[in-house]
Structure formats: structure tokens, C-alpha cells
*Asks:* 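Input: one structure, supplied below.
Note that the coordinates shown come from a computational prediction; the quantities given were computed from them, not determined experimentally. Residue numbers begin at 1 in each chain, while the letters A, B, ... track the order of the sequences.
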Number of protein chains: 2
Amino acid sequence: MTTAHDLTKNQSLVFSALSDARAPLSAYTILDRLREDGFRAPLQVYRALEKLLEIGLVHRLESINAFVACAHPQCHNHGTMAFAICEDCGNVREFTDDQIAERLADWARTENFRPHKTIIELRGQCQACSIGEP
Amino acid sequence: MTTAHDLTKNQSLVFSALSDARAPLSAYTILDRLREDGFRAPLQVYRALEKLLEIGLVHRLESINAFVACAHPQCHNHGTMAFAICEDCGNVREFTDDQIAERLADWARTENFRPHKTIIELRGQCQACSIGEP
DNA sequence: TCGCATATGTAATGTTATCACGAAATTTTA
DNA sequence: TAAAATTTCGTGATAACATTACATATGCGA
């Protein structure tokens, strides 16, 4: 018997690196941060990420080739998530919107498109970074 | 006096390559297809793409690092576009949904986030490719 | 024609991601 | 528990995507 998801050592290390970060990390940045933990090659990171993405503990931000720990790791929601990415400070806000998800699902149904994954990303400037820039 | 946008030679070549393709092309695929037109280096493609994206004649599909000619080049809509990308045949459907755009704008307003660009991409299987796979 | 902005050519380099192969660890099954 | 199957891991090489730096050319207004 185990908990919902037993992470291996590498998976735990990668997840911790992402949880500790205040902004998304690229795979190679993760690699650099885990060198002293014995990481030597990109594949060690990518393999761990693959699993973490599958579990839902981590999200990939497609528009910046980077990864973040899920903001709601308890209820690892495999539904449609949206991300607001600040291009100044790198901060990311994760949110959901059922109406948007439904509307996309409606479109897909009507067009007989079977979505496997939905990507919604807002690139812009967060509140903190827009202060003083009217 | 000129038309709305005079494209340079390189820009025209890149745009033609994308218009002729039945699926999105990567920058390096474009490069390969334009070798006999004198293209030698990635930057020639990337520079042309940069301009075409700015004008709105081309879209970048963030989740697959590829580019498509805009489906509505007349009214080059700089608003929020959505793309449904078939992972089997590569075909892409471009569409808009005002309600989704509004809802995202509402979220941004509420959170004081200033979006510069919005990415919506559905990855999945198109109707044609799902026939015979119940 | 001069000066400036834009466009181009090219090499080198930086960044992101995967392949191929074998070894080690873990789980399953008998 | 031992053998078999599965999953994970280590490592080097390579592929795929994108930018920097610098030199040259081209068009256009003063």
C-alpha cells in the first residue's frame, strides 16, 4: 500500500526544485539546480518531468518552454487550466474557468474534434509590474 | 503608395511556403523548402517570420513550435485566436470565440493583469482522423 | 550624395529536447 | 525466494529550435 503517488528520488528532487521556485523553471535550469544532488544529464530532468506532468503535479507552460508546480497539488485537476504569465517578473497565476472550458468543449463537440489537451496562456504584465508604468 | 503591407522577397517566400503547406511548418522545414530560392541560414526564416507575425499574416503555434498562414489574411485579426491542432495529421483549424476572449479579458481586468498576447490551443484528433477509431 | 533606417548574408553559439544503449532497482509471478 | 518482467536510472551523442554578433547591402528622405 502506498500514498496516491509515490515519487522516485529524481521525481521528488525535480518537484521540490519547482515548488521552491517563485517562477517557472526551464528543464536546464532545474538540471543546474540539482547538480549537487547528483544530476548530470537533461534526460534525468525530462524523465522526471514527464511523470510529474502525467500525475498532474506539474504543468508545462508551452509558450515559454518552462515548468511550474501545480498551484493546487491536492486536487490535481486534469481539467483545463489557464495561466497568466508576467513577462517582466516571471510570476505565474494559475486559474480555471468552467465557462471557457465548456465553450471550448462545445466547439470541439460541434466540429467532432477530440481534444487531448487544452492550452490557455496569457502573456503580459502582472499588477505588481504595471505599477508605475501607466 | 503601396498596398497595406509590402512584403520583402524573403517575407514573401516564407509566406508562400506557409500558404502552400497543408499543415504547420517549423522554421527549419521552411528553411529546407526555400533552399533552392537561396535561403541558407535559419535567421533568414526567423526574421521573415517575425515580420509576418507582427503584421498578422502568420500565427505561431506555441505548443508545437510551428507556424501557419493566417486563415483570414484579409481581416488580419489581432484579437485572440484559437487553434485546434490534430496530432495525427497535423491539420490545424483556426477559430475565434468572443465569449472566451471576453471572459479572459474579464479575468485579466479583475486581477489587474495586462495581457499582451493570448494563446489558446487544443491538441487532439480531428474528425477525419478519428473515423474508424471508436 | 549623404545619412539613416531597414533588410540581408553568414558563422557561430545558445537553448531545448530526444535517441540509443546498457545497468540498476523494483515489482510481479511462479 | 528466484526468475522474469517492468520501471527507473546513468550517460554520451545527437537532433531540433532559436538567437547573438557582425558585416554588407538596399531603399529612401533631407
Side-chain angles (χ1 to χ4, degrees), chain A residues 1-3 5-18 21 23-55 57-68 85 87 90 117 119 121 123, chain B residues 1-3 5-18 21 23-55 57-68 85 87 90 117 119 121 123:
Chain A
M1 177 54 192
T2 68
T3 61
H5 291 290
D6 263 332
L7 299 184
T8 67
K9 181 157 172 272
N10 284 2
Q11 288 160 15
S12 296
L13 285 166
V14 169
F15 183 65
S16 295
L18 285 173
L25 301 181
S26 76
Y28 279 77
T29 302
I30 296 171
L31 174 58
D32 285 340
R33 298 202 179 173
L34 295 179
R35 293 233 183 248
E36 50 188 34
D37 294 289
F39 274 51
R40 311 287 305 277
L43 206 46
Q44 295 176 286
V45 176
Y46 282 109
R47 286 203 272 231
L49 285 172
E50 184 180 25
K51 191 70 175 190
L52 293 167
L53 289 166
E54 185 186 319
I55 296 171
L57 284 176
V58 162
H59 300 294
R60 176 187 171 89
L61 301 176
E62 301 287 346
S63 71
I64 57 173
N65 299 319
F67 304 85
V68 283
I85 304 164
E87 293 177 332
K117 185 183 180 196
I119 293 127
E121 298 180 13
R123 304 283 302 272
Chain B
M1 179 52 192
T2 69
T3 61
H5 291 289
D6 262 334
L7 299 184
T8 66
K9 181 156 172 272
N10 284 3
Q11 289 159 15
S12 296
L13 286 167
V14 169
F15 183 65
S16 296
L18 287 173
L25 301 181
S26 76
Y28 278 75
T29 302
I30 295 171
L31 174 57
D32 284 340
R33 299 201 179 175
L34 294 179
R35 293 232 184 247
E36 50 188 34
D37 294 290
F39 274 51
R40 312 286 305 275
L43 205 48
Q44 296 176 286
V45 177
Y46 283 109
R47 287 204 272 231
L49 284 172
E50 183 180 27
K51 191 69 175 192
L52 293 167
L53 289 166
E54 185 188 318
I55 295 171
L57 284 177
V58 162
H59 300 293
R60 177 188 171 90
L61 301 176
E62 300 287 348
S63 70
I64 57 173
N65 299 322
F67 304 85
V68 284
I85 304 164
E87 293 176 334
K117 185 184 180 192
I119 293 125
E121 297 180 15
R123 303 282 302 270

*Asks:* With a 4.5 Å limit on heavy-atom distance, are the side chains of A/Ile30 and A/Phe39 in contact?
*Replies:*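 They are not in contact (no side-chain heavy atoms under 4.5 Å apart), so the answer is no.
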
*Asks:* Do the side chains of A/Val45 and A/Tyr28 get nearer than 4.5 Å, heavy atoms only?
*Replies:*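 Counting from C-beta outward, A/Tyr28 and A/Val45 never come under 4.5 Å.
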
*Asks:* Could you walk me through whether B/Ile64 and B/Arg123 pass the side-chain contact (heavy atoms from CB on, under 4.5 Å) check?
*Replies:* CA-CA 10 Å; B/Ile64 57 173; B/Arg123 303 282 302 270; 3.6 Å; yes

*Asks:* Quick check: on DNA chain C, is the nucleotide nearest B/Gln11 upstream (toward 5') of the one nearest B/Arg40, or the reverse? Name the residue that is more 5'.
*Replies:*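 With B/Arg40 and B/Gln11 compared, the 5'-side residue is B/Gln11.
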
*Asks:* First locate atom CZ of A/Arg47, then atom CG of A/Leu49, and finally report the distance between them rounded to the nearest 0.5 Å.
*Replies:*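 It comes to 12.0 Å.
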
*Asks:* Identify the pairs formed between an N or O of the protein and an N or O of nucleotides 16-20 of chain D at a distance under 3.5 Å, and give each distance.
*Replies:*
{"unit_1": "D/dA18", "atom_1": "OP1", "unit_2": "B/Arg60", "atom_2": "NH1", "d": "3.1"}
{"unit_1": "D/dA18", "atom_1": "OP1", "unit_2": "B/Arg60", "atom_2": "NH2", "d": "2.3"}
{"unit_1": "D/dA18", "atom_1": "OP2", "unit_2": "B/Tyr46", "atom_2": "OH", "d": "3.0"}
{"unit_1": "D/dA18", "atom_1": "O5'", "unit_2": "B/Tyr46", "atom_2": "OH", "d": "3.3"}
{"unit_1": "D/dA18", "atom_1": "N7", "unit_2": "B/Tyr28", "atom_2": "OH", "d": "2.7"}
{"unit_1": "D/dA18", "atom_1": "N6", "unit_2": "B/Tyr28", "atom_2": "OH", "d": "3.2"}

*Asks:* Could you tell me if the side chain of B/Arg60 sits less than 4.5 Å from the side chain of B/Val68, heavy atoms only?
*Replies:*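 Sidechains of B/Arg60 and B/Val68: no contact.
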
*Asks:* Roughly what angle, to 10°, lies between the helix axis at the start of the helix from C/dT1-D/dA30 to C/dA30-D/dT1 and the one at its end, five pairs per end?
*Replies:*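 Result, rounded to 10 degrees: 30°.
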
*Asks:* Within the 4.5 Å heavy-atom criterion, are B/Val14 and B/Leu7 side-chain neighbours or not?
*Replies:*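 Not touching, per the 4.5 Å side-chain cut-off.
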
*Asks:* Whole-Å distance between D/dA25 P and B/Asn10 CG?
*Replies:*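 It works out to 16 Å between those atoms.
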
*Asks:* Looking at OG of A/Ser26 and CG of A/Leu61, how far apart are the two atoms once the value is rounded to the nearest 0.5 Å?
*Replies:*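 So the gap between those two atoms works out to 11.5 Å.
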
*Asks:* Report the distance from atom CG of B/Asn65 to atom CG of A/Asn65, rounding to the nearest 0.5 Å.
*Replies:*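 So the CG of B/Asn65 and the CG of A/Asn65 are separated by 6.0 Å.
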
*Asks:* Figure out the CG/C1' separation between B/Asp6 and D/dT26, and round it to whole Å.
*Replies:*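 Checked: the CG to C1' distance equals 15 Å.
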
*Asks:* Look at the side chain of A/Arg47 and the base of D/dG10, then say whether one donor and one acceptor between them are separated by less than 3.5 Å.
*Replies:*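 Pair found.
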
*Asks:* Which nucleotide of DNA chain C is the first, and which the last, in the 5' to 3' direction, to come under 4.0 Å of a heavy atom belonging to chain B?
*Replies:*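 Counting from the 5' end, contacts occupy C/dA7 to C/dT10.
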
*Asks:* Thinking salt bridges, do B/Lys117 and B/Glu62 make one under a 4.0 Å N-O criterion?
*Replies:*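 Between B/Glu62 and B/Lys117 there is a salt bridge, with a charged N closer than 4.0 Å to a carboxylate O.
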
*Asks:* So how far is it from A/Arg33 CZ to A/Leu25 CG, rounded to the nearest 0.5 Å?
*Replies:*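 A/Arg33 CZ to A/Leu25 CG: 5.0 Å, rounded to 0.5 Å.
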
*Asks:* Would you say a side-chain N or O of A/Gln44 is under 4.0 Å from OP1 or OP2 of D/dC9?
*Replies:*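 False: A/Gln44 side-chain N/O out of range (4.0 Å or more) of D/dC9 OP1/OP2.
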
*Asks:* Got a second to check how far A/Leu18's CG is from A/Leu13's CG, nearest 0.5 Å?
*Replies:*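 Going from CG on A/Leu18 over to CG on A/Leu13, the span is 11.5 Å.
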
